[in-house]
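In what follows, every chain begins at residue 1, and chains take the letters A, B, ... in the order their sequences are listed. Values reported hereafter were calculated over all heavy atoms of this structure, with side chains retained and with hydrogens, waters and symmetry mates removed.
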There are 2 protein chains.
Amino acid sequence: MESRELRYFVAVAEELHFGRAAERLGIAQPPLSRAIQQLERRLGVDLLERTSRAVTLTEAGSVLLREGRAALDAVEAADRRTRRAAKPHPGLVLVTKAGSAGELLARLLDAYAADPSAVTVDVQLCGVGEQERMLRDGRADVALLHLPFDSTLGFDTEELHTENQLAILPRGHELLSRPHVKMADVTDLPGLPLPRWPDRVGVYTDGPGPKVRDTAQLYQLIALGRAAAVLPESCRTHLRSDLAAVPVLDAPKVTTVIAWPPHSRSQALAALVRTATLL
Amino acid sequence: MESRELRYFVAVAEELHFGRAAERLGIAQPPLSRAIQQLERRLGVDLLERTSRAVTLTEAGSVLLREGRAALDAVEAADRRTRRAAKPHPGLVLVTKAGSAGELLARLLDAYAADPSAVTVDVQLCGVGEQERMLRDGRADVALLHLPFDSTLGFDTEELHTENQLAILPRGHELLSRPHVKMADVTDLPGLPLPRWPDRVGVYTDGPGPKVRDTAQLYQLIALGRAAAVLPESCRTHLRSDLAAVPVLDAPKVTTVIAWPPHSRSQALAALVRTATLL
DNA sequence: GGGATCGATACCTGTGAGGTATCGATCCCC
DNA sequence: GGGGATCGATACCTCACAGGTATCGATCCC
């Protein structure tokens with residue numbers, strides 16, 4: 001199986017429309033139809049059910065969509081990591097969510113920079129749930145993830161830090177007078193719903209609560225008295241002055257882990273991970 | 001990057017010889033040379049240093065060898081899993097080392113077969129260190145691995161069972177009179193060296209001790225008074241009558257884990273894993 | 001029933017993958 | 001030190017196939 005065929009199939013399987021998929025791939029529709037037919041013939045497997053009005057995935061087709069995405073990520077990772085390895089000073093790319101782990105990350109970068117064998121660390125901030133993808137397709141070498149929110153499936157990890165969570169509320173809110181609260185106190189505050197975050201494909205779940213993409217938006221909404229939030233206590237160091245926080249006793253603990261692709265063999269990465277575990 | 005290019009490069013990087021690599025790939029040498037040149041040109045990276053007498057990998061070349069193997073495994077896995085998913089009764093392929101986990105595996109298969117939603121489980125036995133590869137390239141869906149010997153890098157796992165290890169000796173050996181021994185008692189027995197196992201590419205480390213490939217060979221050697229071994233205590237159930245065992249107090253504990261590719265979504269696999277954890 | 005939508009088919013073209021023959025550099029050895 | 005062996009690169013040819021355009025045929029909608 002050629003990666004070109006996989007790219008074509010994934011495009012069709014995602015669009016469920018040959019015309020749009022062809023456009024996305026920058027080719028005409030007929031060669032795309034033929035390529036998919038040929039793939040089906042070579043595999044001896046029906047991947048798509050097509051009528052002239054709708055295209056749907058077969059069972060085998062969904063398997064190939066999932067496996068094909070992973071394979072294409074791996075091919076892309078091979079490409080990117082090879083190019084990067086050839087640069088004079090390869091460095092490392094570390095990715096983490098914007099607005100999280102700031103304190104820990106600063107300490108890690110400082111400690112690592114003190115290592116005589118240290119290489120430059122390029123810090124990339126990305127959206128929610130995007131870190132896994134970046135590790136997988138070679139855009140990043142290492143990530144700081146937050147359990148239980150992020151998935152560490154398929155990566156090697158070391159736990160770095162565990163912390164409790166705080167309820168973030170507009171300054172002056174009545175709950176702030178208590179020494180601590182419970183999740184139940186926060187989940188159904190009148191007029192202050194918890195926000196909704198996009199999932200890894202950028203789609204929001206249905207339900208109440210304002211949609212947010214980053215902490216800046218979130219803080220703004222809380223300050224406006226339109227939302228509340230439960231966040232790891234490390235956010236306290238960079239909390240806006242018009243917000244305040246109170247510990248939530250029964251919120252799940254948040255664990256920060258450092259994660260990297262399991263077959264990595266880079267000296268620099270190993271040193272960075274070692275530094276992280278010694279923090 | 002096309003998977004054909006990756007296959008070609010991996011062949012050359014493994015053989016370090018264009019002629020042999022071409023033969024292995026079933027093509028002539030000149031197109032192979034050109035394909036590699038084109039890959040280097042497209043990447044803008046030198047992958048190989050060639051003189052007319054020797055071919056060696058550059059730094060970037062070894063990165064591409066490692067990443068390329070992983071990517072090719074992923075592509076092959078996509079192919080195989082898609083074909084299997086299209087079969088009328090897909091079933092599951094479970095792989096484990098020959099001669100290990102017999103007891104546990106039998107219990108697992110029995111318990112799973114009692115599940116009304118159970119599918120057929122095809123048990124594959126393979127050589128040392130081959131399980132990871134089979135999981136990665138789609139020949140298997142799930143494996144029983146043994147820590148600390150096997151690597152679980154890149155897989156999801158659940159621990160099933162932990163056991164101590166025994167020294168396996170020819171019947172009548174003087175150590176057998178003791179209630180237990182220590183590693184130091186076993187590592188330097190005169191005339192009874194511990195055997196050497198091949199690593200994942202089939203190469204034996206240098207040093208003393210007979211080379212063995214499987215437990216049948218090993219047991220034979222021990223019975224002949226040419227070797228001793230330290231094995232998990234579950235081997236007692238199928239020990240030959242001309243061998244005997246004594247617990248080794250300070251040997252590392254052996255943990256049997258069930259492992260599967262992290263992006264698996266199969267109902268059948270989930271049920272099997274659930275059954276395993278409830279044993 | 002006419003038009004719009006959409007995948008499949010027919011047919012053409014050019015790129016490039018793969019083949020053979022040969023070159024040029026290096027090493028080996030008598 | 002020169003002849004032969006080894007091995008990757010180059011030159012040149014051919015044909016398969018990726019990709020294009022035009023069009024068909026089925027389905028849905030008004």
Output the rounded distance in Å from [atom1] ([X]) to [atom2] ([N]).
X	N	atom1	atom2	value
B/Gln29	C/dT20	CD	P	12 Å
A/Leu16	C/dT5	CG	C1'	16 Å
B/Glu40	D/dG8	CD	P	13 Å
A/Phe18	D/dG19	CZ	P	15 Å
B/Leu25	C/dG19	CG	P	10 Å
A/Glu2	D/dC17	CD	P	12 Å
B/Leu32	D/dT10	CG	P	14 Å
B/Arg50	C/dT26	CZ	C1'	16 Å

Exercise. Within 45° of the axis and under 6.0 Å from the centre of the six-membered ring of A/Phe9, does NZ or CZ of A/Arg7 qualify?
Worked result: no
Exercise. Within 45° of the ring axis of A/Phe18 and under 6.0 Å from its six-membered ring centre, is that where the NZ or CZ of A/Arg20 lies?
Worked result: no
For this session: Determine: side-chain N/O of B/Gln37 to OP1/OP2 of D/dT10, distance under 4.0 Å, yes or no.
Result: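 So the side-chain polar atoms of B/Gln37 do come within 4.0 Å of the phosphate oxygens OP1 or OP2 of D/dT10, strictly under.
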Problem set entry | Phosphate-side-chain proximity, A/Ser33 and C/dG7, N/O vs OP1/OP2 below 4.0 Å |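 No, outside the criterion.
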For this session: Dot-bracket notation for DNA chain D is requested: 5' to 3', Watson-Crick or G-U wobble pairs only, both distances under 3.5 Å, with ( ), [ ], | and . as defined.
Result: ||||||||||||||||||||||||||||||
Shorter than 3.5 Å, N or O on both sides, protein versus nucleotides 28-30 of chain D: list them out with atom names.
unit_1 : atom_1 : unit_2  : atom_2 : d
D/dC28 : O4'    : A/Arg53 : NE     : 3.4

Between the protein and nucleotides 15-18 of chain C, which nitrogen or oxygen pairs come in under 3.5 angstrom?
unit_1 : atom_1 : unit_2  : atom_2 : d
C/dA17 : OP2    : B/Gln38 : OE1    : 3.2
C/dA17 : O5'    : B/Arg4  : NH2    : 3.4
C/dG18 : OP1    : B/Tyr8  : OH     : 3.2
C/dG18 : OP2    : B/Arg4  : NH1    : 3.4
C/dG18 : OP2    : B/Tyr8  : OH     : 3.0
C/dG18 : N7     : B/Arg34 : NH1    : 3.3
C/dG18 : N7     : B/Arg34 : NH2    : 3.1

Carboxylate-amine/guanidinium contact [X] [Y], below 4.0 Å:
X	Y	value
A/Asp79	A/Arg83	yes
B/Glu76	B/Arg80	yes
B/Arg136	B/Glu130	no

Problem set entry | Within-4.5 Å side-chain heavy-atom neighbours: A/Met1 and A/Leu6 |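 Contact flag for A/Met1/A/Leu6 side chains = yes.
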Problem set entry | B/Thr152 side chain reached by B/Glu132 side chain, heavy atoms, under 4.5 Å | no
For this session: Would you name the heavy atoms of A/Thr58 and A/Asp46 that are closest together and state the gap between them?
Result: OG1-O, 2.8 Å
Exercise. Judged by modelled atom types alone, do B/Thr56 and B/Glu49 share a side-chain donor-acceptor pair under 3.5 Å?
Worked result: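 There is no such pair between these side chains.
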Problem set entry | Between A/Gln29 and A/Ser33, a side-chain donor and acceptor under 3.5 Å |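 Indeed, the side chains of A/Gln29 and A/Ser33 share at least one donor-acceptor pair under 3.5 Å.
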Exercise. So among A/Val95, A/Asp156, A/Leu272, which one has a side-chain contact (heavy atoms from CB on, under 4.5 Å) with A/Val142?
Worked result: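 When side-chain contact (heavy atoms from CB on, under 4.5 Å) is applied between A/Val142 and each of A/Val95, A/Asp156, A/Leu272, only A/Leu272 qualifies.
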Exercise. DNA chain D: B/Pro30 or B/His17, which has the more 5' nearest nucleotide?
Worked result: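 The answer here is B/His17.
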